[in-house]
Amino acid sequence: MSDCVFCKIVKWETPSQRVYEDDQYIAFLDINPINPGHTLVIPRDHYENVLDVPEEVLAGMIKIAKKVAPAVVGAMKADGFNIGINNGRASGQLVDHVHIHIIPRHENDNLKSWPSRSRYADGEMGATAKKIKDAIK
Ligand code: AMP
Ligand code: ZN
């Protein structure tokens, strides 16, 4: 897509610091890292999110993340990492070209992986599981 910033990165119309690339995928540094070394994995082809991307392309993205993540951790001397994919504005997705975040994590980096958790009311957990089960196609 012509106005997509990650498509522009693919075409070298926007500069990037690439750490890995092959004929289908690119991994490059996030310009506003949560921690230094924060890396994004994208397919060269434009798909909006996890629901749009073909299963085999998504599987390939995971494969690249599994290859790149230990390098990010090693090079950044990190203690762990988060991987995540935002889908839709409500989740925080800003760039509509599917991407995996690889975020190196350090003991005591004072980041929270997730906000604080809630609790289900009595009976609500079973009802919620049923709703989801019934919605699976
Ligand atoms: P998301 O919020 O999951 O859509 O993440 C989009 C990410 O893309 C953000 O973390 C941005 O910092 C990053 N980003 C946006 N533009 C660029 C760019 N030109 N080069 C590298 N990373 C970018
Ligand atoms: Zn794109």
Side-chain angles (χ1 to χ4, degrees):
M1 289 209 349
S2 57
D3 58 343
C4 168
V5 62
F6 289 176
C7 284
K8 286 185 176 153
I9 282 176
V10 170
K11 291 183 275 180
W12 279 114
E13 290 170 16
T14 294
S16 63
Q17 290 293 338
R18 300 182 183 204
V19 299
Y20 173 86
E21 63 185 303
D22 61 29
D23 57 350
Q24 266 191 292
Y25 304 99
I26 303 173
F28 56 95
L29 294 186
D30 193 297
I31 204 167
N32 293 130
I34 290 177
N35 277 326
H38 181 166
T39 297
L40 303 173
V41 178
I42 63 167
R44 287 180 186 270
D45 292 338
H46 181 95
Y47 303 101
E48 198 168 313
N49 59 36
V50 161
L51 300 184
D52 296 325
V53 66
E55 280 176 12
E56 60 277 12
V57 178
L58 182 61
M61 290 171 66
I62 298 284
K63 205 168 155 187
I64 303 306
K66 194 160 165 30
K67 184 196 277 284
V68 172
V72 170
V73 168
M76 295 298 108
K77 299 189 179 0
D79 303 305
F81 63 100
N82 293 109
I83 67 170
I85 306 178
N86 296 326
N87 293 274
R89 292 287 172 271
S91 74
Q93 184 176 15
L94 295 172
V95 177
D96 291 334
H97 183 131
V98 66
H99 51 281
I100 298 178
H101 292 262
I102 302 171
I103 303 161
R105 296 297 303 272
H106 304 272
E107 300 290 351
N108 308 317
D109 64 11
N110 288 321
L111 296 173
K112 279 197 172 159
S113 297
W114 301 101
S116 56
R117 307 293 181 98
S118 61
R119 286 180 187 282
Y120 287 110
D122 279 355
E124 191 188 354
M125 197 169 173
T128 303
K130 183 173 181 330
K131 262 192 218 167
I132 295 171
K133 241 187 281 179
D134 291 349
I136 290 178
K137 290 177 182 132

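In listed order, ligands and their atoms are each counted from 1. Atoms considered below: every heavy atom in the structure, side chains included; atoms not considered: hydrogens, waters and symmetry mates. The residues of the chain are indexed from 1 along the displayed sequence.
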Identity and distance of the protein heavy atom lying nearest atom 4 (O) of ligand 1: L94 N, 2.6 Å
Under 4.0 Å to a heavy atom of I9 - the qualifying atoms of ligand 1, by number: 18 (C), 19 (N), 20 (N)
Distance-minimising heavy-atom pair for H46 and H97: ND1-ND1, 3.3 Å
Close approach, L40 and ligand 1, non-hydrogen under 4.0 angstrom: yes
Between CD on residue Q93 and CD1 on residue I85, distance to nearest 0.5 Å: 9.5 Å
Atoms in ligand 1 flagged as close to H101, the criterion being non-hydrogen separation under 4.0 Å: 1 (P), 3 (O), 5 (O), 10 (O)
Electrostatic pair D22-R44, nearest N-O below 4.0 angstrom: no
For N86 against G92, the heavy-atom pair lying closest together: ND2-O, 3.8 Å
Donor-acceptor contact below 3.5 Å, side chain Y25 vs main chain V57: yes
N or O contact, N86 vs ligand 1, cut-off under 3.5 Å: yes
Transitive ILVMFWY side-chain link V95 to V98, under 4.5 Å: no
Whether H99 and F6 hold their rings parallel, tilted or perpendicular, with breakpoints at 30° and 60°: perpendicular
Atom 8 (O) of ligand 1 - nearest protein heavy atom and its distance: F6 CZ, 3.4 Å
Backbone N/O of I103 and side chain of N82: donor-acceptor pair under 3.5 Å: no
Per-atom contacts of ligand 1 with N32, taking only distances under 4.0 Å to non-hydrogen atoms: 12 (O)
Minimum heavy-atom distance H38-L40, with the two atoms named: NE2-CD2, 4.0 Å
Linked, directly or transitively: L29 and I9 (ILVMFWY side chains, under 4.5 Å): no
Nearest non-hydrogen protein atom, atom 21 (C) of ligand 1: I31 N, 3.3 Å
Sub-3.5 Å N/O-N/O distance, P15 and ligand 1: no
L29 neighbourhood, listing ligand 1 atoms whose heavy-atom distance to it stays under 4.0 Å: 21 (C)
Test item: R105 side-chain N/O and N35 main-chain N/O as donor-acceptor pair under 3.5 Å: no
Close-contact set for ligand 1 against H99 heavy atoms, below 4.0 Å: 1 (P), 3 (O), 4 (O), 5 (O), 6 (C)
N or O pair under 3.5 Å between D30 and ligand 1: yes
Short N or O distance, G92 and ligand 1, threshold 3.5 Å exclusive: yes
Nitrogen or oxygen atoms of V5 and ligand 1 under 3.5 Å apart: no
Name, closest N/O/S atom of H97 to the Zn ion (ligand 2): ND1
N/O/S atom name from H46 that is nearest to the position of the Zn ion (ligand 2): ND1
I34 touching ligand 1 at heavy-atom level, < 4.0 angstrom: no
